[in-house]
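Comments concern the structure below.
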Amino acid sequence: MMRHRYPLHVHISTLFLTMILLVCGVLTAISYKLSSELLEAAAADRTTQISREAQIEMQRIVEPAEVATTLLSLQQVTQATSLSERLQYLEFMRQALDSSSALTSLYVGYANGDFFLIGHVGDGAESEAAKVPAGAVYVVQSIERAAARARGRFIYLDATLRTLRADDRPDYAATYDPRQRVWFTQAMASPILIETAPYLFFSSRKVGVTLARQGAGGRAVAGADIMLHSLGQLLAKQKATPGNELVIVDSHGYALAYEDVSRLARPAAEADGKPHLVRIDALGVPVLVPLLAAVTALPENGHGRQAQTLRLDVDGRAWRASISPIGRDDSPLYLLTAVPENELMAGALDLMRRSAVATLLVLLLTIPFTWLLARSISRSLGHLADAAEKIRHFDFSQPIAIDSAIKEVNQLSLTMDAMQRTICRFLGISHAVAAEQNFDRLLPRLLAETLSASEACAGVLYLAEGTKLHAAAALSSSGTDLSGQLSAIDVANAGPLLGAALADGVARAGRLQPQDLALLADATAGFADARDAIAVPLLNRQAELVGAMLLLCQTPSDDARLSFVKAFSGSAAVSLESKALIKAQKDLFEAFIQLIAAAIDAKSPYTGGHCARVPELAKMLARAACDDDSGAYRDFQLSVDDWEALHVAAWLHDCGKVTTPEYVVDKATKLETIHDRIHEVRMRFEVLKRDAEISCLQAIISGHDQAPVRARLAAELRQIDDDFAFVAACNEGGEFMAPASIDRLTAIAGRSWWRTLDDRIGISHEEKQRKAQTAAATLPVVEALLADKPEHLLPRRPQDSLSSDNPWGFRMAVPAQLYNRGELYNLAVARGTLSAEERYKINEHIVQTLIMLAQLPFPKHLRQVPEIAGGHHEKMDGSGYPRGLTRTQMSPLARMMAIADIFEALTAIDRPYKKGKTLSEAIAIMSRMQQEQHIDGELFALFLRSGVYLDYAQRFMQPEQIDPANVDVDRLLEGVHHPPPVT
């Protein structure tokens with residue numbers, strides 16, 4: 001992925017503006033943080049204030065009611081036994097009721113079930129509103145149970161307590177019993193004033209609390225009902241934002257005060273017919289739902305209560321919530337607040353927006369100034385960048401001289417100018433050293449270049465071998481060779497200067513001591529004034545010592561020269577190591593390919609030396625082509641890399657033979673596999689002879705005339721011997737087999753013999769599988785004397801086949817069977833000893849050669865090795881194998897390989913199936929081959945004209961094979977087929 005590049009002034013401007021933006025952003029963030037904290041603190045303070053005000057409101061509501069309840073409990077009304085007696089205290093109770101706006105009613109419940117109440121009209125149930133007469137302000141509710149039947153009455157009074165109407169309410173007396181109310185039972189059980197937990201009043205369906213106290217004598221309880229609706233009004237006034245939610249709940253999560261009081265009561269349930277308080281999860285406010293679990297998890301006794309703050313995410317909207325305790329510890333209440341975060345932080349967000357606008361204005365005002373300043377700073381650096389670009393392109397034509405007011409830029413200019421000169425010198429040395437391919441010539445050249453660069457007057461290059469340093473090169477600055485005057489030295493006794501450098505692993509400069517001079521012997525005799533030197537250890541990439549240099553100087557070395565030598569020594573060491581490694585790898589590769597060739601030759605005693613002789617002959621022919629100055633190859637030349645490619649290809653041209661079975665390569669007779677099966681055939685003939693003798697003796701015993709019987713036996717034995725001799729002769733192979741001989745083989749094969757032993761025991765698993773293709777015969781069985789049986793066929797596996805679209809372009813007819821070991825089939829082979837399958841297996845070695853060589857990662861200059869090595873069985877007319885190439889599709893070196901391989905094969909004396917040809921016979925055969933366009937005619941002519949054939953014969957052929965007098969070169973050249981000129 002490409003990265004965009006921008007000028008320095010753009011970077012400086014961007015950096016400056018980014019810093020401004022970053023500073024403004026940090027300040028904005030800090031302002032936002034502080035504002036947020038202030039707003040959060042203000043919200044917390046406001047919650048505390050609301051809690052405190054709610055607490056005060058509760059006290060304001062409850063305290064007057066407590067006084068009224070206490071006074072009522074002390075009145076004689078608690079002793080009254082009838083309604084008339086109780087009405088006498090009506091004025092007192094009215095005044096107590098009006099003393100607090102939160103009081104809705106005052107009443108007395110008696111131990112006998114009587115009840116007496118005065119309350120404000122309108123504070124009762126909604127169903128009573130229609131029954132209230134006009135002008136009624138108060139209502140008295142009474143229950144008397146002294147009579148046999150309880151009596152309930154409602155008395156409506158005006159402001160002066162004048163009775164407006166009195167109604168009997170039997171249902172009231174039947175449904176209400178003060179003794180069953182919580183406030184009555186708690187007050188009767190306590191000597192002090194009690195306060196109930198907030199609950200939904202029976203008559204008004206509104207939330208409130210009841211205060212109650214036991215009257216004198218313990219036979220009645222005075223009570224007062226207090227409405228908490230004013231708390232909801234208080235909460236509605238305290239909303240800080242439009243979305244602010246406030247609610248007072250008890251420890252069980254039931255809502256007691258909310259701005260919308262209509263939501264506090266849940267309709268009467270069918271089970272008890274009574275309305276109930278609503279918990280906050282049913283209040284219809286989603287943000288309050290998650291707070292239910294937090295409230296109910298608080299201790300019920302309220303001890304140790306502290307305010308809690310929560311952050312909620314409800315329906316994708318962030319909220320800040322708090323839970324603050326109010327009320328007494330024995331009856332804990334909680335104020336829940338929830339504020340949308342965006343409303344709470346509105347001030348901070350507004351501040352952040354204002355800061356962003358201010359930042360943008362600052363940036364707009366700063367851009368022109370920053371741009372001009374950045375351009376001024378980057379201009380001189382731009383000139384240096386241009387100079388660096390020239391250095392990158394190895395353009396050292398102009399010195400670097402830039403005068404800048406910026407100190408660092410000016411110093412960088414001077415440094416780059418010095419660097420340019422150093423690189424120029426360093427590259428010159430490196431190129432000179434790298435250009436040298438010969439390792440032995442590399443060493444003095446490396447020393448000479450180092451002397452020139454370091455301005456030394458003489459020097460010695462040592463190579464490390466074990467604990468010794470051997471002087472590989474010693475030169476004066478004028479080029480005089482001094483290496484013959486030096487001997488090897490021990491690393492441990494390398495002198496003070498060189499020894500210290502070797503011990504530290506870094507170059508050192510200093511005065512030569514007598515011990516240093518003693519090691520140089522006569523090499524420095526001509527440099528009496530050279531008393532300073534630089535000792536340079538040469539370390540490879542593993543920090544191992546590979547050599548050292550001692551540079552003699554006429555003047556002390558400064559830091560710059562020492563630094564340059566140190567830097568160059570690393571490059572010299574790497575170059576030295578690389579060249580040595582390359583040489584070692586080439587030597588190893590050379591030994592390896594010769595090892596493979598030797599292994600192939602050693603695999604068969606009949607082909608020994610073939611892989612070694614073919615490279616010699618191929619290179620002799622290639623050298624003749626390079627030396628030719630008049631024929632078709634007068635412009636032909638080989639580079640060093642080409643010679644190496646030919647050498648490698650010639651040695652590896654038969655490497656595929658490692659895959660060819662030895663018994664095929666060495667097959668001397670037609671029936672030979674791992675062993676020669678002629679012995680099995682001979683045994684069958686022996687059986688026939690024994691059978692003939694047995695038949696003769698049985699005939700004589702039976703009374704036949706002995707003379708004619710024995711005559712027939714003698715004739716039959718002669719025929720058997722003659723037939724076997726014929727079969728044995730056919731087994732030896734030859735250049736031609738007449739059809740009559742094949743007919744006789746077929747006739748002999750038709751004779752039969754008796755087999756009485758099982759031929760499916762004691763054999764290999766593979767052979768058992770082949771025999772299993774046919775059913776086993778019942779013994780004894782009559783069999784043909786020579787047979788082609790199904791088990792003689794070895795099927796070809798998929799990996800042994802070649803597809804028409806194979807990646808190597810092989811075009812060879814592949815036999816259907818891998819091997820056919822049929823006896824008659826093999827004995828009928830017309831030429832040589834190999835069957836078609838075995839001949840393909842022999843020829844297949846070139847297929848394997850190309851496949852094996854194609855898999856090797858040859859370097860670029862050896863990429864043609866597979867083509868050269870794999871073409872020696874191709875023919876100029878395209879009838880060869882494995883790819884059916886024509887002359888124009890083959891390189892000259894590949895065509896040379898074909899001639900070398902054929903000539904060596906014809907003249908070799910170590911083949912099992914033939915004798916080595918004489919020189920004239922081999923040349924005659926090759927002459928016919930070139931006329932038939934099997935080999936290159938031009939190369940064959942060069943082979944003859946240059947005398948390569950005779951040079952090879954004198955080096956590698958037996959004396960009795962060499963008959964040059966029988967080789968008429970001029971006549972043979974007249975019959976040479978001349979193809980188009982080589983390109």
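When reading the values below, keep in mind they use all heavy atoms of this one structure, side chains included, and skip hydrogens, waters and symmetry mates.
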Quiz item: Passes side chain to side chain contact (heavy atoms under 4.5 Å, CB included), Ser946 versus Asp627? Steps please.
Solution: CA-CA 9 Å; Ser946 64; Asp627 295 339; over 6 Å; no

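- Between Arg623 and Trp643, some side-chain heavy-atom pair lies under the 4.5 Å cut-off.
- The main-chain N or O of Arg718 is never found under 3.5 Å from a side-chain atom of Asp721 such that the two would form a donor-acceptor pair.
- Across every non-hydrogen atom of Ala908 and Arg613, the tightest pair is CB-NH2, 4.0 Å.
- Rounding to the nearest 0.5 angstrom, the gap separating the CD atom in Glu616 from the CH2 atom in Trp651 is 7.0 Å.
- Scanning for salt bridge (Lys or Arg N to Asp or Glu O under 4.0 Å) contacts around Glu823 gives Arg684, with sequence neighbours left out.
- Summarising the geometry, atom CD belonging to Glu874 is positioned 8.0 Å from atom CD1 belonging to Ile846; distances are rounded to the nearest 0.5 Å.
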Quiz item: What's the verdict on side chain to side chain contact (heavy atoms under 4.5 Å, CB included) for Phe956 and Glu904, showing C-alpha distance, side-chain angles and the deciding distance?
Solution: CA-CA 9 Å; Phe956 297 103; Glu904 194 284 331; over 6 Å; no

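- With no hydrogens or angles considered, a side-chain donor-acceptor pair links Gln864 and Asp642 at under 3.5 Å.
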Practice problem: Could you check Met890 against Met897 for side chain to side chain contact (heavy atoms under 4.5 Å, CB included), going step by step and ending with a plain yes or no? | Solution: CA-CA 11 Å; Met890 300 172 62; Met897 280 292 302; over 6 Å; no

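- With hydrogens and angles left out, the side-chain atoms of Gln817 and His792 include no donor and acceptor closer than 3.5 Å.
- Looking at Arg682 and Asp676, no side-chain N of the basic residue comes within less than 4.0 Å of a carboxylate O on the acidic one, giving no salt bridge.
- Here the closest heavy-atom approach between residue Val865 and residue Ala649 is recorded as O-CB, 3.7 Å.
- Among all heavy-atom pairs drawn from Asn966 and Ser920, the shortest one is CB-CB, 3.5 Å.
- Using a distance-only test at 3.5 Å, with no hydrogens or angles considered, a donor-acceptor pair links the side chain of Thr746 to the main chain of Ile742.
- Proximity of Leu972 to Phe943: side-chain heavy atoms (C-beta onward) are nowhere separated by under 4.5 Å.
- Although no hydrogens or angles enter the test, the distance criterion places no donor-acceptor pair under 3.5 Å between the side chain of Glu921 and the main chain of Lys917.
- The CG atom of Leu919 sits 9.0 Å away from atom CD of Gln961, with the distance rounded to the nearest 0.5 Å.
- Between the side chain of Gln930 and the backbone N or O of Asp936, no donor-acceptor pair lies under 3.5 Å.
- At distances below 3.5 Å, at least one donor-acceptor pair connects side-chain atoms of Asn731 with backbone N or O atoms of Leu671.
- Side-chain atoms of Lys667 come within 3.5 Å of backbone N or O of Thr833 as a donor-acceptor pair.
- Note on Lys860 versus Asp641: no salt bridge recorded, every NZ/NE/NH1/NH2 to OD/OE distance being 4.0 Å or above.
- At a threshold of 4.5 Å between non-hydrogen side-chain atoms, the residues Val829 and Met737 do not count as touching.
- Of the inter-residue distances, the one linking Lys875 atom NZ with Leu885 atom CG reads 13.0 Å to the nearest 0.5 angstrom.
- Remark: the backbone N or O of Asp951 is not paired with any side-chain donor or acceptor of Gln954 at under 3.5 angstrom.
- In this structure a side-chain-to-backbone donor-acceptor pair under 3.5 Å is present from Arg811 to Arg883.
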Self-check item: Steps toward salt bridge (charged side-chain N to carboxylate O under 4.0 Å, His left out) verdict (Arg887, Glu938)
Solution: CA-CA 11 Å; Arg887 179 181 184 276; Glu938 292 288 357; over 6 Å; no

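- The aromatic rings of Phe810 and Trp808 lie parallel to each other, with less than 30° between the two planes, well short of the 60° mark.
- Side-chain contact between Lys841 and Leu834 is absent, with no heavy-atom pair separated by less than 4.5 Å.
- Between Trp753 and Ala784 the shortest heavy-atom distance is NE1-O, 3.4 Å.
- Taking every heavy atom of both residues into account, Arg796 and Pro815 meet most closely at NE-O, 2.9 Å.
- Note that the CD1 atom of Ile720 and the CD1 atom of Ile748 stand 11.0 Å from one another [nearest 0.5 Å].
- At most 12 heavy atoms of other shown residues, nucleotides or ligands fall within 6.0 angstrom of atom CZ in Arg831.
- Between Asp723 and Arg744 there is a side-chain heavy-atom pair separated by less than 4.5 Å.
- Residues forming a ring-ring contact (aromatic ring centres under 6.0 Å, His included) with Tyr825 (at least two apart in sequence, or on another chain): none.
- In this structure, Tyr819 and Thr673 have side chains that are not in contact, with every pair of non-hydrogen atoms separated by 4.5 Å or more.
- When side chains are defined from C-beta on, Arg770 counts as touching Leu794, because their heavy atoms get closer than 4.5 Å.
- Legend: residues meeting side-chain contact (heavy atoms from CB on, under 4.5 Å) with Val969, ordered by chain and number and at least two apart, are Leu944, Tyr949, Val967, Leu973.
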Exercise. Kindly indicate, with the supporting measurements, whether the criterion side chain to side chain contact (heavy atoms under 4.5 Å, CB included) is fulfilled by Leu688 and Leu785.
Key: CA-CA 9 Å; Leu688 291 180; Leu785 191 60; 3.6 Å; yes

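- Ring planes of His872 and His845: tilted class, angle from 30 to 60°.
- Heavy atoms only, all atoms of each residue included: Pro795 and Leu818 are closest at O-CB, 3.6 Å.
- Checked for salt-bridge contact, Arg821 and Glu767 miss the test: no charged N lies under 4.0 Å from a carboxylate O.
- For the pair Thr849 and Leu652, the minimum side-chain heavy-atom distance is 4.5 Å or more.
- How far CE of Met929 is from CE of Met926: 7.0 Å, rounded to the nearest 0.5 Å.
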